[in-house]
Amino acid sequence: MAMEALVANAPSLKSAIVTLDVLHSGVIWGWYVTMNMWAKSIGTGVMLVGLYMMRKYQTNLGFFRTAIPLLGLIFIGITLLFTLLDLHQPLRFWHMFVWPHLTSVINWGSTFLNLYVAVLIGLFYALIKSKDELYNKLLLPAGVIAFIATIYTAGLMGQANAREIWQTPTEVAQMLLAATLAGSAAFLIVGFTLTEEEKISLGYVLAVSALIAFVIFLAEIVFAPQKSEEAEWVIHYITSGGMGLFFAAGLLLAFVIPMVTIALGIKNNNTSKFRLAALSALVGLWMVKHAWLIAPQMIPLS
């Protein structure tokens, strides 16, 4: 009776209109996070691809031994910078190391990124001091740490609530493919002393990475809408909605153009266009990563 009396005496309650019954928090992870993932792909990719190239070729070790720590430090530095800028309390970042939460993917990821920086500094020190034995000893742990630093973001995305197209197993594969694509592309761009054979090998790594990543994205676009209504909304937004043209251009630049350019170059034994293909791959990778990050956040949480 008391409630009925309250409603009777408050006409505005009778005409109340529900405008939002599902939380939509908006875009929380913006282009700062895109920069984080993109730069991390290059910073860790040069290590993973560099280890493969150094094992396969023994004639141009000087280039890879120099490029790995330099490119790694530059792009992991960019990763850490944008990670810090994205924190709500950036001046308190040290708290996670003093009071770590071992169930936090962010905590683990930040730890391995900082370990990777430490081992890259060790490689750079060994390089400038010509300590080849130290350099060689650091390569294996550097590769292991780079691998973990590459994939940790997949676990972070997989933990996000109601983000239907962010699934950890798929994202692990995409993080690794992004690293091998970006690492090979970075070497092709700065590798003025690379031999034709080395360029072709890097081209194969880039093209195969692009092909597999492209197939996974296409599979997600085709099959994800069958899983849930939320996934259908996300795929619609990323293909036909606000991110449609941006995402399509990213796929073209990141995967299709590099694949075709490198395939034609290998067929014609001409690597002159490989640097342009690598540049296209890096630009397109940023666009694809950004679209894939933003689109799920445009759908209300369920």
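We're numbering straight along the sequence, starting at 1.
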Report task. With sequence neighbours excluded, give me every salt bridge (Lys or Arg N to Asp or Glu O under 4.0 Å) pair touching residues 206-222. Result -> none
Query raised in the report: Which pairs, with at least one residue in residues 202-214 and sequence neighbours excluded, count as a side-chain hydrogen bond (donor to acceptor under 3.5 Å, both in side chains)?
Result: Thr180-Ser209
Requested in this report: Identify which one of Thr83, Thr153, Thr150 satisfies the side-chain hydrogen bond (donor to acceptor under 3.5 Å, both in side chains) criterion when paired with Lys40.
Outcome: Thr153
Query raised in the report: Do you know which of Val288, Thr34, Asn36 makes side-chain contact (heavy atoms from CB on, under 4.5 Å) with Leu293?
Result: Thr34
**Report entry** Qualifying residues under side-chain contact (heavy atoms from CB on, under 4.5 Å), relative to Val172, sequence neighbours excluded
**Finding:** Ile151, Ala154, Thr168, Leu176
Requested in this report: Name all residues meeting the side-chain contact (heavy atoms from CB on, under 4.5 Å) criterion together with Leu51; count only those two or more places apart in sequence or in a different chain, and write none if there are none.
Outcome: Met47, Leu139
Requested in this report: List, by chain and then residue number, the residues other than Ile212 in its hydrophobic cluster (Ile/Leu/Val/Met/Phe/Trp/Tyr, side-chain heavy atoms under 4.5 Å); write none if there are no others.
Outcome: Leu177, Val208, Ile216
Query - Of all pairs that satisfy side-chain hydrogen bond (donor to acceptor under 3.5 Å, both in side chains), the ones with a partner from residues 233-250, not counting sequence neighbours - result: none
Report summary line: Grouping ILVMFWY residues whenever side-chain heavy atoms fall under 4.5 Å, the cluster of Phe223 otherwise contains Val222
Query - Heavy-atom closest contact (Phe274 atom, Ile200 atom, distance) - result: CE2-CA, 4.1 Å
Report task. Sequence neighbours left out, what pairs pass side-chain hydrogen bond (donor to acceptor under 3.5 Å, both in side chains) with at least one residue falling in residues 256-266? Result -> none
Query - Pair listing, salt bridge (Lys or Arg N to Asp or Glu O under 4.0 Å) test, anchored in residues 165-188, at least two apart - result: none
Query - Set of residues satisfying side-chain contact (heavy atoms from CB on, under 4.5 Å) with respect to Lys131, sequence neighbours excluded - result: Tyr125, Ala126, Lys129, Leu134
Report summary line: Sorted by chain and residue number, the side-chain contact (heavy atoms from CB on, under 4.5 Å) partners of Glu196 (sequence neighbours excluded) come out as Lys199, Thr271
Requested in this report: Can you run down the salt bridge (Lys or Arg N to Asp or Glu O under 4.0 Å) pairs that involve residues 53-80, sequence neighbours left out, and say none if there aren't any?
Outcome: Arg65-Asp132
**Report entry** Derivation of the side-chain hydrogen bond (donor to acceptor under 3.5 Å, both in side chains) call for Thr195 and Tyr57
**Finding:** CA-CA 10 Å; Thr195 65; Tyr57 298 102; over 6 Å; no
Query raised in the report: Parallel, tilted or perpendicular for Trp286 and Phe246, by the 30°/60° rule?
Result: perpendicular
